[in-house]
Amino acid sequence: MAVNHFNTAHPHVHVVINGRDDLGENLVINGQYIGQGIRERASELVTLELGLVTEIEQHRKLEAEIGQDRFTRLDRALLEQALEGRVDMRPGVEAGSFDRVDRNLRLSRLAKLERMGLARQTVPGLWELEERLEDTLRALGEQGDITKQMHRALRARGNGPDHERDPASFHLHGEVPDTPVVGRLIDQHLSDELGEKLSLVVDGIDGRVHHAPGFDPAQVEDIRNGAIVSIGAASVRERPSDRTIAAIARDGIYRPSEHLDRLQLDRWQVKGNPEELLQGHVRRLEALRRAGIVERLDADHWRIPEDFAQRAVAYDAARSPKATIRLLSTLDLEAQIGSDGATWLDRRLVSGRDGDRAAAGFGREVGDAMTRRQAHHIERGDAIRDPDGATRYRRNLLATLEAREVERVGQEMAARKNLALRPMGPFESISGKLSGPVHLASGSYALMENSHEMALVPWKPEIGRYRNRDMTLSVGEDGGLGWQIGRSRGLGL
């Protein structure tokens, strides 16, 4: 298979070779042939088909490289010619094999490098090159490729003049943004063509277009272009399991059997199956043991150090992604304006915080959408406008909108499934199969269904691994979600 790439200044082709031959055996090819031989053979075939490149064509190609802000063949020729970082271009000095690159072209490139601060003429004809010339030019080339990718992403949005942005508004971040970035995700692409990390392009509400690299594909697996997201530094806190282990440990020894006894005594207050919860704590200890933080004495005795909590947090910080992405809304602005749910726009309107938004780019779009969303609420009677122009919203507006949307979507789903929709209040529970999350304007909800009824309850990422399994979900007094794997048994139906 072959893939054409046009995302750099030099269009190129990537070739992928299957590792099996026609008989299903391992296909073994000499590494040098893959790295060099195939390229040389392809060059020979293209030469036979198209003929040799003329000197005029070669000269034109090199001329085009004089003003480029990236590492070029002219730069490579200058580095090969340089002795201890100095290039001698004085008349009469033999350049040897480097004369294949016209002297005038090299002088023109040196003048360009001088304007960039990467070369200087110490005496007439004698040039001194910057020590990190190649690294600097390659970095500039990468920035140029990123900028082009951002322009392409904006053009793909098709927002008329909005996609023509001043490159000065482009912000290229390192591994972690200096400040959180909130905006519309407009592009996802590989950070490097052979790597496994994704770079994201976000049209921010601050009027700038942001490029953030280094994301694991699993982090953005369920996030589509057009969604409203927030990108910021990953926060690492002490895990509840670590706090429990430290609290149960006596004299620096943690005993799983003692922990299980406590879980069994508090079984009706525990969120989940006691045995599975204990297994999760033991798996955590196994991971920390491999990191040299705890010591396993035997199956029922673990040695816990005094600084266990601090070392566990440091371990998580080293393994966690440098930056994290949080989904704020799966709906674009236009869909949020007429939605009957509690949208991202509603949360901004109710909170009254709008100081992070600029009156340009996506920030202007958000401002227009908020104005239209206000008018929508006034029309539906969920808000009124005072004589002084201020807008007052219905009490508990977000909860009201959320209840409306859950009721509407739940009734529609129940009708399609021929099931009864069961509202879930505090101290209520439902047993059945967890069918996975349902993404609404108000957030994500877990769909529970059995043979005669179904319910939508707020989604928790922790229950994602139990998808398509029988379990019991219960709602606590404070709206918190508890669960138990397997169906609950009792005298009731």
Side-chain angles (χ1 to χ4, degrees), residues 216 218-219 234-321 324 426-437 446 448 457-490:
D216 191 306
Q219 292 180 265
S235 60
V236 180
R237 300 184 179 92
E238 184 181 3
R239 294 193 183 191
S241 59
D242 294 339
R243 287 197 299 270
T244 303
I245 291 171
I248 292 178
R250 290 185 292 108
D251 300 326
I253 301 297
Y254 167 79
R255 299 171 178 82
S257 60
E258 179 182 343
H259 189 184
L260 181 60
D261 290 340
R262 296 192 182 189
L263 291 173
Q264 295 287 7
L265 288 174
D266 300 331
R267 187 180 186 90
W268 302 111
Q269 298 180 10
V270 171
K271 295 180 179 180
N273 182 280
E275 288 79 7
E276 292 196 3
L277 285 174
L278 182 68
Q279 290 174 8
H281 286 73
V282 173
R283 285 195 297 269
R284 170 66 170 170
L285 287 172
E286 283 288 354
L288 297 177
R289 179 189 64 81
R290 290 191 292 269
I293 297 175
V294 300
E295 180 184 358
R296 184 178 184 270
L297 303 178
D298 57 46
D300 196 41
H301 293 81
W302 293 79
R303 190 183 304 281
I304 308 300
E306 292 183 1
D307 58 348
F308 170 73
Q310 294 86 346
R311 295 176 65 181
V313 170
Y315 169 79
D316 288 338
R319 290 170 52 84
S320 65
T324 185
F427 305 111
E428 293 190 350
S429 62
I430 182 172
S431 296
K433 184 179 69 173
L434 176 64
S435 299
M448 288 289 295
V457 295
W459 175 260
K460 292 287 185 181
E462 293 83 359
I463 65 175
R465 61 180 181 272
Y466 302 121
R467 192 176 304 184
N468 297 322
R469 291 181 59 180
D470 287 335
M471 64 188 306
T472 299
L473 289 182
S474 57
V475 180
E477 181 180 6
D478 58 352
L481 188 66
W483 61 90
Q484 183 176 350
I485 306 305
R487 292 180 181 270
S488 63
R489 293 181 175 87

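Just the heavy atoms: all of them, side chains too, but no hydrogens, waters or symmetry mates, feed the values below.
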Minimum side-chain heavy-atom gap Ser429-Val475 below 4.5 Å: no

Note: Arg289-Glu286 ion pair, threshold 4.0 Å (strictly below): yes

Interatomic distance, Arg255 atom CZ to Ile248 atom CD1 [nearest 0.5 angstrom]: 11.5 Å

Any Pro305 side-chain heavy atom under 4.5 Å of Glu295 side chain: no

Rounded distance [0.5 Å steps], CD1 in Ile304 versus CZ in Arg311: 10.5 Å

Salt-bridge contact Asp316-Arg284 (side-chain N to carboxylate O under 4.0 Å): yes

CZ on Arg469 to CG on Leu434, rounded to 0.5 Å: 10.0 Å

Value rounded to 0.5 Å, distance of CD1 in Ile253 from CG in Leu297: 5.0 Å

Residue pairs, two or more places apart or on separate chains, that pass ring pair (Phe, Tyr, Trp, His ring centres under 6.0 Å) and touch residues 292-314: none

Verdict with supporting geometry, His259 and Thr244, side chain to side chain contact (heavy atoms under 4.5 Å, CB included): CA-CA 9 Å; His259 189 184; Thr244 303; 3.6 Å; yes

Over 12 non-hydrogen atoms of neighbours within 6.0 angstrom of CG in Asp251: no

Heavy-atom side-chain proximity of His281 to Ile245 below 4.5 angstrom: yes

CD on Gln310 to CG on Asp242, rounded to 0.5 Å: 11.0 Å

Contact summary for Leu473 and Val457, nearest pair of heavy atoms: CD1-CG2, 3.5 Å

Straight-line distance of Ile430 CD1 to Met471 CE, nearest 0.5 Å: 11.5 Å

Residues, nucleotides or ligands: over 12 heavy atoms within 6.0 Å of Arg303 CZ: no

